[in-house]
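Both ligands and their constituent atoms are indexed starting at 1 by order of listing.
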Amino acid sequence: MRMIDTGGTQLHMAEDGTGRPVVFLHALGTDLRLWTHILPRLPAGLRLIRCDLRGHGLSDCPPPPYGMGALVRDIEGLLERLEVTGSVVVGCSLGGMIAQGLAIKRPDLVGALVLSNTAARIGTAQAWHDRIATLHAGGIKALSEATLARWFPPAFRATPDAALWRHMLERTPPDGYAGCAAAIAGTDFHGPIQDLRLPVLGIAGSEDGSTPPDLVRETVALIPGAEFALIRGAGHLPMADRPDAFAATLAEFLAQLP
Ligand SMILES: O=C(O)CC1=CCC(=O)O1
């Protein structure tokens, strides 16, 4: 684990293994531990790079609001510092939006994309601003119940593991959450993703209450040649509630890359 100065913002990151670089970008209200169950399930020969996005985990938390451009620049700076080009970028939800933005802006840095439980646009700007208002009024715990209900199917919410993810959400700095929520509110990649020309895999969870399968499918269909995989029984964070299926789907995609 170490801190990297990405050009103004310090990001906390971790690296495991050597080989083809694979960069993991987590969802809103989580951190780089979102990928903990996936790493040991992946084949050898991969350089697995994870980071905490700004406003999350141990990374810097500048005052909100953030724009998607700033979130993309953070990852651009991280990869430049690490001298990594052509990596497979795996992003979940907010992380998947940043991955799209990075591939659009810096195709040299991205060799392939895995868009997990994400879309070109997630929700309406009004819904995000309402969520930020709820956060300001009641603190991050005011978001917990509804978020857990969107993240996980009922059976998983009843397991002890669900408490861990709730705790991670509730420890997210409110400024970081609000900043990133504002970035999501202002993002719509429907136009530019149609120009992407690289291998892309979209992954959806059949029980996702935030980015349902049809939303993910609609985004993936805009990218020429992109593939789509549905993980049955998974919610919004399949790397948490269906790690075997998620890792197998990712490994299969990685194996077929040139
Ligand atoms: O909280 C949610 O609805 C799930 C979510 C949307 C964007 C993100 O990263 O998580």
Side-chain angles (χ1 to χ4, degrees), residues 24-35 50-57 59 64-68 70-72 74-75 89-102 113-136 138-153 156-157 162 165-189 202-216 218-219 231 234-241 246:
F24 294 91
L25 304 176
H26 63 76
L28 180 68
T30 66
D31 63 36
L32 57 70
R33 291 171 295 177
L34 181 62
W35 310 101
R50 300 173 289 157
C51 71
D52 291 336
L53 301 177
R54 69 161 63 193
H56 288 73
S59 289
Y66 313 148
M68 189 56 68
L71 291 165
V72 169
D74 289 345
I75 306 306
V89 181
V90 183
C92 177
S93 200
L94 166 62
M97 297 184 107
I98 298 170
Q100 292 169 62
L102 187 68
L113 271 182
V114 178
L115 302 178
S116 165
N117 304 75
T118 191
R121 166 160 201 82
I122 300 178
T124 63
Q126 187 58 52
W128 285 105
H129 291 305
D130 290 348
R131 199 188 291 196
I132 294 167
T134 303
L135 170 68
H136 284 148
I140 200 139
K141 289 190 179 180
L143 302 177
S144 303
E145 287 311 320
T147 300
L148 269 283
R150 285 190 303 271
W151 276 1
F152 298 122
F156 187 83
R157 287 207 300 280
W165 300 106
R166 174 192 291 269
H167 195 63
M168 190 181 287
L169 169 70
E170 292 178 349
R171 288 176 63 88
T172 304
D175 276 358
Y177 191 100
C180 287
I184 297 170
T187 299
D188 187 344
F189 285 131
I203 300 177
S206 66
E207 310 308 312
D208 185 341
S210 189
T211 51
D214 282 351
L215 184 69
V216 181
E218 180 230 17
T219 290
I231 301 185
H236 187 60
L237 307 177
M239 57 297 295
D241 64 23
F246 186 88

Measure the distances from the heavy atoms of Arg131 to every atom of ligand 1 and state whether one is below 4.0 angstrom.
yes
Within reach of ligand 1, part of Thr211 (heavy-atom separation under 4.0 Å):
neither
Closer than 4.0 angstrom, basic N to acidic O: yes or no for Arg121 and Glu218?
no
Please tell me whether Thr147 and Arg150 have a donor and an acceptor in their side chains that are separated by less than 3.5 angstrom.
yes
May I ask you to check if ligand 1 and [X] share an N or O to N or O distance below 3.5 Å?
X: Leu94; answer: yes
X: Ile122; answer: no
X: Ser210; answer: yes
X: Arg150; answer: yes

Suppose I only count heavy atoms of [X] and a 4.0 Å limit; which atoms of ligand 1 are within that range?
X: His236; result: 4 (C), 5 (C), 10 (O)
X: Trp128; result: 6 (C), 7 (C)
X: Ala27; result: 9 (O)
X: Ile184; result: 7 (C)

Tell me whether Gln100 contacts the main-chain N or O of Leu115 through its side chain, where contact means a donor paired with an acceptor under 3.5 Å.
no
Would you check if the side chain of Thr187 reaches a backbone N or O of Ala183 as a donor-acceptor pair within less than 3.5 Å?
yes
Give, for atom [atom1] of [X] and atom [atom2] of [Y], the distance between the pair rounded to the nearest 0.5 Å.
X: Cys92; Y: Leu25; atom1: SG; atom2: CG; value: 10.0 Å
X: Trp151; Y: Asp208; atom1: CH2; atom2: CG; value: 12.0 Å
X: Thr30; Y: His236; atom1: OG1; atom2: NE2; value: 8.5 Å

Can you pull out the closest protein heavy atom to atom 8 (C) of ligand 1? Residue, atom name and distance to 0.1 Å, please.
Ser93 OG, 2.6 Å
Using ring pair (Phe, Tyr, Trp, His ring centres under 6.0 Å) as the criterion, list what pairs up with Phe24, not counting sequence neighbours.
Trp35
